[in-house]
There are 2 protein chains.
Amino acid sequence: METARDDTRGRPAAERVQRPQARTTERREAVLKAAMNVFGARGYNKGALVEVAEQAGMTHAGVLHHFGSKEGLLVAMLKYRDGEEVAGVPARAQTEGPAFLQHLVDTVEENTHRRGVVQAYSVLSGESVTDGHPAHDYFQGRFHGLRAKIAGVLAEVSGSTDEQELADAASALIAMMDGLQVQWLLEPDAIDMPRILGRTIDELVERLRKG
Amino acid sequence: METARDDTRGRPAAERVQRPQARTTERREAVLKAAMNVFGARGYNKGALVEVAEQAGMTHAGVLHHFGSKEGLLVAMLKYRDGEEVAGVPARAQTEGPAFLQHLVDTVEENTHRRGVVQAYSVLSGESVTDGHPAHDYFQGRFHGLRAKIAGVLAEVSGSTDEQELADAASALIAMMDGLQVQWLLEPDAIDMPRILGRTIDELVERLRKG
DNA sequence: TCCAACTTACTTACAAGTCAGTAAGTGTGC
DNA sequence: GCACACTTACTGACTTGTAAGTAAGTTGGA
């Protein structure tokens, strides 16, 4: 028992919280939400820990106590965001078939009321292609997984077995959703994201059925 | 004649170069190319003037002499990039009808051999949605213009007169191109940009013809 | 044609600020 | 009583931007 506790010696609290106190989880959540705001509004590079800390009601050293480093905070935030989505609506990975495609449109519709979330996603995915960016692996994995998932659903819905065409269609669909977000952020009135996405999905499925 | 020269008094060299010396243009170009590299690799916020200057063979103060501020450099770089494109291939604004759609596919094909350019575009367009980003206006204008241009060409090619559908199709096409670039940068072997774009355009035109 | 007056294109040095991260200490809940 | 959840205080690395100086280039006029 003593030995089990021993291996926390010298470790930063961020690495693994062994015996968190009662309100620790909600304090960490406050920080993660603040990070969404700040990194969303300013990007990861320009977003300062001091501002994150301020919004969470502590000092920047307090934030580092929880997450070890700025990079650690970003990674935790990205994971938290995924978990939150899953909690909010039926988990993505569990939705199947046509329902999943509808789920995509619903999510996009919801996003038009959550500008901050969209902005954070757009800024960070753009930044993630820079050299050694801490979110690089996250977005690489995300795209990879999402592509496989969508290709699978499209196969199921359309009956197509053309692997390459399915993969291309999945990539194109994801690309369109992401690209529309940037245009929408810059000129909200000019872009109706759910309408465009919905129509594109319909056409896509119809085309795959025929081919 | 004296009065015409007089109004340069006290102005920073960056604001307007009145009587540039022989090699000034090529020195400025060297800086702009360096800026493409640095801002492309690290983003605008993390990209430092010192590194840009180093690559152009001068000090960071020399860069500021030419462009006044870091922001000024970015804006100049974006304009320079547009001009370069126009010089390289038949100017976008002058290409008409179906040729323009082929031109889009050609450009995307070329881009697969110019990773740096694509990376700079992706990073900066992502960053541009943050609060008060100096490239905000540039990208807003770019999307606005490109949307109008593509919608016009699609109308011409397909014979459709449904303004909303044409605008939506244009937005979707641009979104797809931009989104594919990010995915391609993260996983080049998984994404064949020209193939996906070419196929999408074909389907799009066919659909607009019918509708 | 040559020269003085001026501008351009930089450099070096510095100012002023911001930032992430660390070390050491404090109080509080378990 | 001790680990946890912080704070305060500080460091050092980087930032952009400015000021002042210098060498080279340009131009108008004698």
Side-chain angles (χ1 to χ4, degrees), chain A residues 1-31 34-35 38-39 42-54 56-75 132 134, chain B residues 1-31 34-35 38-39 42-54 56-75 132 134:
Chain A
M1 287 177 170
E2 282 298 302
T3 51
R5 225 188 291 142
D6 269 353
D7 77 343
T8 69
R9 268 186 313 190
R11 284 203 196 167
E15 197 170 322
R16 194 176 293 190
V17 179
Q18 294 281 9
R19 293 197 304 266
Q21 292 183 1
R23 316 194 45 151
T24 295
T25 310
E26 61 185 90
R27 304 300 347 264
R28 282 174 62 99
E29 265 190 38
V31 175
V38 174
F39 293 154
R42 314 211 188 289
Y44 172 73
N45 285 314
K46 210 187 177 188
L49 286 180
V50 197
E51 199 179 344
V52 174
E54 223 162 61
M58 64 179 77
T59 64
H60 90 278
V63 171
L64 288 171
H65 163 73
H66 284 295
F67 299 98
S69 67
K70 192 186 181 185
E71 197 171 317
L73 171 62
L74 177 66
V75 173
Chain B
M1 285 170 171
E2 282 298 303
T3 51
R5 224 188 289 142
D6 268 352
D7 78 341
T8 68
R9 270 183 312 190
R11 286 205 193 164
E15 197 171 317
R16 193 176 295 188
V17 180
Q18 294 279 13
R19 292 194 307 263
Q21 292 183 0
R23 314 197 46 157
T24 296
T25 311
E26 63 185 88
R27 302 303 340 267
R28 280 174 63 100
E29 265 190 39
V31 175
V38 174
F39 292 155
R42 314 212 187 288
Y44 172 74
N45 285 315
K46 208 187 177 188
L49 286 181
V50 196
E51 199 179 346
V52 174
E54 223 162 60
M58 65 178 76
T59 63
H60 90 278
V63 171
L64 289 170
H65 163 74
H66 283 295
F67 299 98
S69 67
K70 191 187 181 186
E71 198 171 317
L73 172 62
L74 177 65
V75 172

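The chains referred to below are lettered A, B, ... by the order of the sequence lines, with proteins before strands, and numbering in each begins at 1. Bear in mind the structure is a predicted one, so any value in this text is a computation, not a measurement.
Here salt bridge (charged side-chain N to carboxylate O under 4.0 Å, His left out) pairs that include residues 43-52 of chain A, with residues two or more places apart or in two chains, are A/Arg42-A/Glu51.
Looking only at side-chain heavy atoms (C-beta outward), B/His60 and B/Leu64 come within less than 4.5 Å of each other. With contacts defined as side-chain heavy-atom distances shorter than 4.5 Å, the pair B/Thr24/B/His66 qualifies.
The nearest pair of heavy atoms linking A/Phe39 to A/Gly47 is CE2-O, 3.9 Å.
Atom pair A/Leu73:CG and C/dG21:C1' shows a separation of 14 Å (rounding to whole Å applied). Atom CD in B/Glu54 sits roughly 13 Å away from atom P in D/dT16 (whole-Å rounding). In this structure, CG of B/Leu74 is placed 17 Å from P of D/dT15, rounded to the nearest angstrom. Summarising the geometry, the separation between NZ on A/Lys46 and P on D/dT16 is reported as 12 Å, rounded to the nearest angstrom. When rounded to the nearest whole Å, the span between CZ of A/Arg28 and C1' of D/dC6 equals 14 Å. A/Leu49 has its CG atom 15 Å from the C1' atom of D/dA13, to the nearest Å. If you measure from atom NE2 of B/His65 to atom P of C/dT8, you get 8 Å, rounded to the nearest angstrom.
Note on A/His66: every side-chain N or O is 4.0 Å or more away from OP1 and OP2 of D/dA5. Put simply, A/Arg27 has a side-chain N or O that comes within less than 4.0 Å of OP1 or OP2 on D/dC6.
From B/Arg23, atom CZ reaches atom OG1 of B/Thr25 across 11.0 Å, with rounding to the nearest 0.5 Å. To the nearest 0.5 Å, the span separating CZ on A/Arg27 from NE2 on A/His65 amounts to 11.0 Å.
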Once each nucleotide of nucleotides 22-30 of chain C is scored for protein heavy atoms under 4.0 Å, what B/S/- sequence comes out, 5' to 3'? B-------S
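Backbone-only contact: B/Gly47 has heavy atoms under 4.0 Å from sugar-phosphate atoms and none from a base.
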